[in-house]
Amino acid sequence: MRVFVWLLRAFIFFTLFAFALNNQQAVTVNWFFGAQWQAPMVIVMLAVFAAGAALGVIAMLPGAWQRWQRRRPAASRPAAEGATAVPATSSLPSGFGPDQQPPRVGL
């Protein structure tokens, strides 16, 4: 299986390498107000791919931040104004806090 994975990686690498060698001609990117940028086509494509990946990560950050905030324990969250803080120790007989569940056995 490892040999197959390495062969697949080598195939992808050499395919991208051949693509880069075949696209070395200069391309002009026209920006606003008459600004221009000249670079090899493969560099322009790499820049566009990197910019798209960066924008995708930035677009996912708010949702990831909200999920991370929901997963944080209640004791470490700052208390909202006017709200009472939940005690760190549980007074429930099971020993689990109000936002905790016992482990599920057998699932």
Side-chain angles (χ1 to χ4, degrees):
M1 185 66 179
R2 287 184 182 183
V3 173
F4 176 73
V5 170
W6 277 105
L7 287 174
L8 181 65
R9 288 177 183 171
F11 174 76
I12 291 171
F13 172 78
F14 286 116
T15 303
L16 293 175
F17 187 70
F19 177 79
L21 287 177
N22 288 329
N23 291 296
Q24 291 183 358
Q25 62 269 20
V27 201
T28 303
V29 179
N30 296 311
W31 297 95
F32 297 107
F33 308 113
Q36 293 181 344
W37 178 47
Q38 281 192 331
M41 183 184 292
V42 73
I43 300 296
V44 172
M45 291 181 68
L46 179 64
V48 169
F49 175 77
L55 285 174
V57 168
I58 290 171
M60 291 185 337
L61 281 178
W65 180 262
Q66 288 174 355
R67 282 189 300 278
W68 182 74
Q69 289 291 328
R70 273 189 260 133
R71 274 192 243 140
R72 276 181 42 190
S76 66
R77 289 187 206 145
E81 195 169 318
T84 59
V86 177
T89 59
S90 173
S91 61
L92 298 175
S94 65
F96 292 97
D99 60 341
Q100 296 174 334
Q101 295 180 356
R104 296 181 180 180
V105 180
L107 290 181

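Worth saying up front: this structure is predicted, and the values here are computed from it rather than measured. For the single chain, residues carry numbers from 1 onward in sequence order.
Considering CG of Leu61 and CD of Gln66, their distance stands at 11.5 Å, rounded to 0.5 Å. Between Trp6 atom CH2 and Arg2 atom CZ the span is 10.5 Å, to the nearest 0.5 Å. Remark: Gln38 CD to Ile43 CD1 distance equals 14.0 Å, nearest 0.5 Å.
Scanning both residues, Ala59 and Pro62, for their nearest heavy atoms gives O-CD, 3.5 Å. Pro40 and Val27 get closest at one heavy-atom pair: C-CG2, 4.2 Å.
Annotation: side chain of Ile58 is not in contact with side chain of Met60 (no heavy-atom distance under 4.5 Å).
Grouping the Ile, Leu, Val, Met, Phe, Trp and Tyr side chains by contacts below 4.5 angstrom, directly or via other members, places Val42 apart from Leu16.
Hydrophobic cluster of Trp65: the remaining members, joined at side-chain heavy-atom separations below 4.5 Å, are Trp68, listed by chain and number.
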